[in-house]
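Here is the structure we will look at.
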There are 2 protein chains.
Amino acid sequence: MSTGTCPPSVGRPRAFDMEKALEKALEVFWKKGYDGASLSDLTEAMGINKPSLYAAFGNKEQLFLKAIELYENRPCAFFYPALQQPTAYLVVEHMLFGAATSMADTSHPHGCVVVQGALSCSEAAATVKAALIARRRDGELALRARLEQAREQGDLPADVDTTILARYLGTVLQGMAIQATNGATPEELKQVAQLTLDNFPRR
Amino acid sequence: MSTGTCPPSVGRPRAFDMEKALEKALEVFWKKGYDGASLSDLTEAMGINKPSLYAAFGNKEQLFLKAIELYENRPCAFFYPALQQPTAYLVVEHMLFGAATSMADTSHPHGCVVVQGALSCSEAAATVKAALIARRRDGELALRARLEQAREQGDLPADVDTTILARYLGTVLQGMAIQATNGATPEELKQVAQLTLDNFPRR
DNA sequence: TTAATTTTGTACCGATGAGTAAATATATAG
DNA sequence: CTATATATTTACTCATCGGTACAAAATTAA
């Protein structure tokens, strides 16, 4: 039962690049959301037709989930890599400015697909909505753990409540996604990032 | 040309309360978003059938816009009333805690329909998306004007950039809407509000 | 060459989307 | 009572929705 991503050795070879197609699907979901993205939108952008899409990715829901996975693992992703920074301040600085840069980048849709992919949505999107909420919570928990580690190492004041601080930072980051869809420029988002950083508790 | 909301004196009287029906429509749009809310969802919640909806409200798009208008004028709206507070600090305090209370209130859908009603959406929703963006920007501009007035009155430090501060506060408020759809409790949102307020520049 | 296997293109499925035509019901004006 | 005006109900329109059946095409294994 080798259900991996490796292509089978026998049979007609796939005529398109799954990764490229998934990237295109991600852009559609990012721009239009799960409910707003139709299969026609998707197949057109991906350059394939429906049977190919279903054979390769399952269905619309699974395609969305795979697109989200790609989103968080792409080179321009900013959240998890920022956690590797050596100090809490640098972690947050990288995170906030990475968000400002990425979310207003005009080479792809504005904002963050994890925030806006299925926020208010139909019942058909309930599964993907739950998956996105879980991703947002996981991110917040990972940030909290990183801040807690910093606090224990004396890198943050001992009286800081890292749960609240992580939730606050998640709130600002998620708000920046909305600002980006409002049309905020990278500079405007960076001003928000800087103001947030100015208030960040230092050792 | 009296195209007001006053009912005509002749003809069969309307059998439903337009305001009540609009309130129900608002709840549906709030929960499901513009794309995710079907006319069946709407007519079922409103307790009327489609021709009545179209006769009374025009079409889905106009119904949405009227629902948004109702949303901002309802008694539990917190944004514009907060601007009436006598000091910048009190304005922001009322705004943040009003948001924390309202957005996690379980008597209606979580979050804010102006934020999440049409964030990522289909082309059919382009008009309402633009309308929501305009509302968010208007709110931010009104807050900026209030902060600027406070600054001129010496109620805020003279070196405060009210444009950036208003954008930052708008970002936090919009992020709180996302947190609310994540399932954050009123208490959790109030902790974010308090932390934001702790950093607010005082005279 | 033949068999087995997988992808592709076309053409379709039933369900649902937003929106409406037309008949009926209920009111007021004269 | 009659005429007019508006609302309601039912049944419908056409387009699109997500998803699939089927046959042709393209590959490897034997």
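In what follows, every chain begins at residue 1, and chains take the letters A, B, ... in the order their sequences are listed. What you see is a predicted model, and the numbers here were worked out from it, not measured in a lab.
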D:dC17 phosphate, OP1 or OP2, under 4.0 Å from A:S38 side-chain N/O: yes
Can you see if the side chain of B:S52 gets near the phosphate of D:dA7 - specifically, an N or O under 4.0 Å from OP1 or OP2? no
What is the distance, to the nearest angstrom, from the CZ atom on A:R14 to the C1' atom on C:dG9? 16 Å
DNA chain D: A:N59 or A:S9, which has the more 5' nearest nucleotide? A:N59
With the side chain of B:L39 defined as its heavy atoms from C-beta on, choose the nearest nucleotide among C:dG19, D:dG18, C:dT26. C:dG19
When you check the phosphate oxygens OP1 and OP2 of D:dT8, does a side-chain N or O of B:N49 lie under 4.0 Å from one of them? no
Kindly indicate whether the side chain of A:R12 and the base of C:dT7 share any N or O donor-acceptor pair separated by less than 3.5 Å? yes
C:dT16 P sits how many Å from B:D41 CG, rounded? 12 Å
Output the rounded distance in Å from CG (A:L53) to C1' (C:dT6). 17 Å
Do B:T87 and B:D155 have side-chain N/O donor and acceptor atoms under 3.5 Å apart? no
D:dC17, OP1 or OP2 - any side-chain N/O from A:S40 closer than 4.0 Å? yes
Could you go through A:S38 and A:D41, starting from their C-alpha distance and side-chain angles, then the distance that decides it, and tell me whether this counts as side chain to side chain donor-acceptor pair (under 3.5 Å)? CA-CA 5 Å; A:S38 72; A:D41 293 331; 3.1 Å; yes
To the nearest Å, give me how far apart OH (A:Y54) and P (C:dC13) are. 17 Å
What's the closest nucleotide to the A:V10 side chain, out of C:dT26, D:dT8, C:dT5? C:dT5
Please give, in whole Å, the distance from D:dT10 P to B:I48 CD1? 14 Å
Is the base of D:dG18 touched by the side chain of A:K60 through a donor-acceptor pair closer than 3.5 angstrom? no
Step by step, would you call A:M103 with A:H110 a side chain to side chain contact (heavy atoms under 4.5 Å, CB included)? CA-CA 5 Å; A:M103 288 181 179; A:H110 290 175; over 6 Å; no
Under 4.0 Å between any heavy atoms, over every strand shown, what does A:A15 touch: base, sugar-phosphate, or nothing? Just pick one. sugar-phosphate
Of B:G11 and B:K50, whose nearest nucleotide on DNA chain C comes first from the 5' end? B:K50
Quick one: sort the A:F64 and A:Y34 rings into parallel, tilted or perpendicular, breaks at 30° and 60°. perpendicular
In whole angstroms, the gap separating P of C:dT16 from CG of B:L42 amounts to 16 Å
Across the strands shown, which category fits A:P51 at heavy-atom distances under 4.0 angstrom: base, sugar-phosphate, nothing? base
Roughly how many Å is it from CG in B:L63 to P in C:dG17, rounded to a whole number? 15 Å
Evaluate side chain to side chain contact (heavy atoms under 4.5 Å, CB included) for A:T163 paired with B:E188, printing each intermediate quantity in order. CA-CA 10 Å; A:T163 301; B:E188 288 169 335; over 6 Å; no
